[in-house]
Protein chains: 2
Amino acid sequence: MTDEKKPRRRPRSDGQRNRENLLTVAKAAFTAGEVDIPLDEVARRAGVGIGTLYRHFPNRDALIEAVYRAELDRLANAAPTLAAQHPPVEALRAWMRLFVDYIAAKQVIAPALNGLVGGTCALYAQSGTILQNAIEGLVSAAVASGDINADIDPLDLLRALAGVSNYAAGPGWETSAKRLVDILIAGSRRTTP
Amino acid sequence: MTDEKKPRRRPRSDGQRNRENLLTVAKAAFTAGEVDIPLDEVARRAGVGIGTLYRHFPNRDALIEAVYRAELDRLANAAPTLAAQHPPVEALRAWMRLFVDYIAAKQVIAPALNGLVGGTCALYAQSGTILQNAIEGLVSAAVASGDINADIDPLDLLRALAGVSNYAAGPGWETSAKRLVDILIAGSRRTTP
DNA sequence: GATATATGCGGAGCATTACTCCGCTTAACA
DNA sequence: TGTTAAGCGGAGTAATGCTCCGCATATATC
């Protein structure tokens, strides 16, 4: 049934190079706040035709997802490291702060999510899974150690943070977001009977 | 300096009626999840020309803001009532839950915010002020009564809730959001020394 | 090297949609 | 009932997402 044909040829080198160029240009544009940049313009800056762009990324969302996938991976990969270095609750706190830092520094994830969540939730669902797994590991460890409540849904924490990042604006935003991290942690703590 | 000319005539009745129709249709569409509905279609459903739509609402954002302004007002107006009926912390909790209910029932605020926050933050800033005032009143009362921490920024709570509403999806969302309310309240509580 | 061919390139062209412009209509006022 | 300006309507414009298909070229074979 699964008639997967092994590719007979190696992928063409120029194809991969163009793909890289497109991702680089798109990431730069999104980071600079040009979330609504016309795709023609992305193709032009990358020095390829519009057709090439659409072959690599069948629509706008696909391009955006590809750009952020790498970023999200890096964020997710930090989770195990932190878990190894800190006690559970502090690892969770550290990761959440890292999340904030990440958004603050790059200002990349938030604006992109905005344009997407409305239409195709699929993107968020797919990319989000990576982050979900990351935070779930941290939370379950903290639950196991008895530090935080068992009925915490890790996704709730993630959603709250992502939400705050949406409205990131003004200079005081970052400290405000970190305050929220502390509130969330405190609110998740197991009420010592 | 303020050369405000008193309008010489009363506004035309059909003008107001058309405006109402447009708002009604737009609200219905947005509530039904058709956030990306073409404006021509809105005009058509309202039985007016596209030109009429654009005279009343110079662009898409203006229409969306007008639709939600009324909703937000109702939400904000509930705050004083709740404050009169409950002790401070419970009033705050009740209002936050109401916020969630509101979004859950209407599914109106969230998808609209999505399409907007990215581009023009002005809308959120303007409409948001209404909600900001509402929650600030509740929070400061709870601070005054000594129930919650003084360094809580009401906006943080609001942002977290709004954020969760952005990713509202799936059946279990509402209960999840209410759990978050409790987490936020618990995390805001003054640590009794 | 030379040849064959699949893989990838490129941009003209189509469809959709936000927004404008201006002549016509009609409600408000005398 | 006549005058007038506020308001109506939709054809038209510009911008943008996306498709299609002939052409170019990197890869594999001899």
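Below, read A as the first sequence line, B as the second, and so on, with proteins coming before strands; counting in each chain starts at 1.
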- Task: Could you check whether B/L39 gets within reach of a base, just the sugar-phosphate, or nothing at all, counting any heavy atom under 4.0 Å?
- Result: sugar-phosphate
- Query: Out of curiosity, A/D151 CG to A/S188 OG, how far, rounded to the nearest 0.5 Å?
  - Reply: 9.5 Å
- Message: Please confirm whether the shortest side-chain N or O distance from B/H56 to OP1 or OP2 of D/dG7 is below 4.0 Å.
- Response: no
- Ignoring hydrogens and angles, tell me if any N or O in the side chain of A/W95 forms a donor-acceptor pair with the backbone of A/P80 under 3.5 Å. no
- Against the side chain of B/R12, the closest entry in C/dG10, D/dA6, C/dG8 is D/dA6
- Tell me: CD of B/E34 to C1' of C/dT17, nearest whole Å? 15 Å
- So do A/L92 and A/I135 actually touch side chain to side chain, heavy atoms under 4.5 Å? yes
- Message: Expressed as a whole number of angstroms, how long is the span from B/R19:CZ to D/dC8:P?
- Response: 11 Å
- Task: Could you state the atom-to-atom distance from CG of A/N18 to P of D/dT25 in whole Å?
- Result: 13 Å
- Message: Both B/Y54 and A/D40 contact DNA chain C. Taking the nearest nucleotide for each, which residue is further toward the 5' end?
- Response: A/D40
- Pick base, sugar-phosphate or nothing for A/T52, based on heavy-atom distances below 4.0 Å to the nucleic acid. base
- Look at all strands and tell whether A/G51 reaches a base, only sugar-phosphate, or nothing, counting heavy atoms closer than 4.0 Å. base
- Message: Looking at every non-hydrogen atom in both residues, tell me the closest pair between A/A91 and A/A83 and how far apart they are.
- Response: CB-CA, 3.9 Å
- In whole Å, what is the span from the CZ atom of B/R10 to the C1' atom of D/dG7? 15 Å
- Which whole-number value in Å describes the distance from B/R55 CZ to C/dC21 P? 13 Å
- Query: At under 4.0 Å, does any side-chain N or O of B/R60 touch on OP1 or OP2 of C/dA18?
  - Reply: yes
- Query: Can A/R17 and A/E20 be counted as an ion pair, charged N to O under 4.0 angstrom?
  - Reply: no
- B/D36 CG to C/dA18 P, straight-line distance once rounded to whole Å: 8 Å
- d(CD, A/Q16; C1', C/dT7) in whole Å: 13 Å
- Give the rounded distance in Å between these two atoms: CG of B/L53 and C1' of D/dG10. 13 Å
- Task: Identify which nucleotide among C/dT17, C/dT20, C/dG10 has an atom closest to any side-chain atom of A/V48, counting heavy atoms from C-beta outward.
- Result: C/dG10
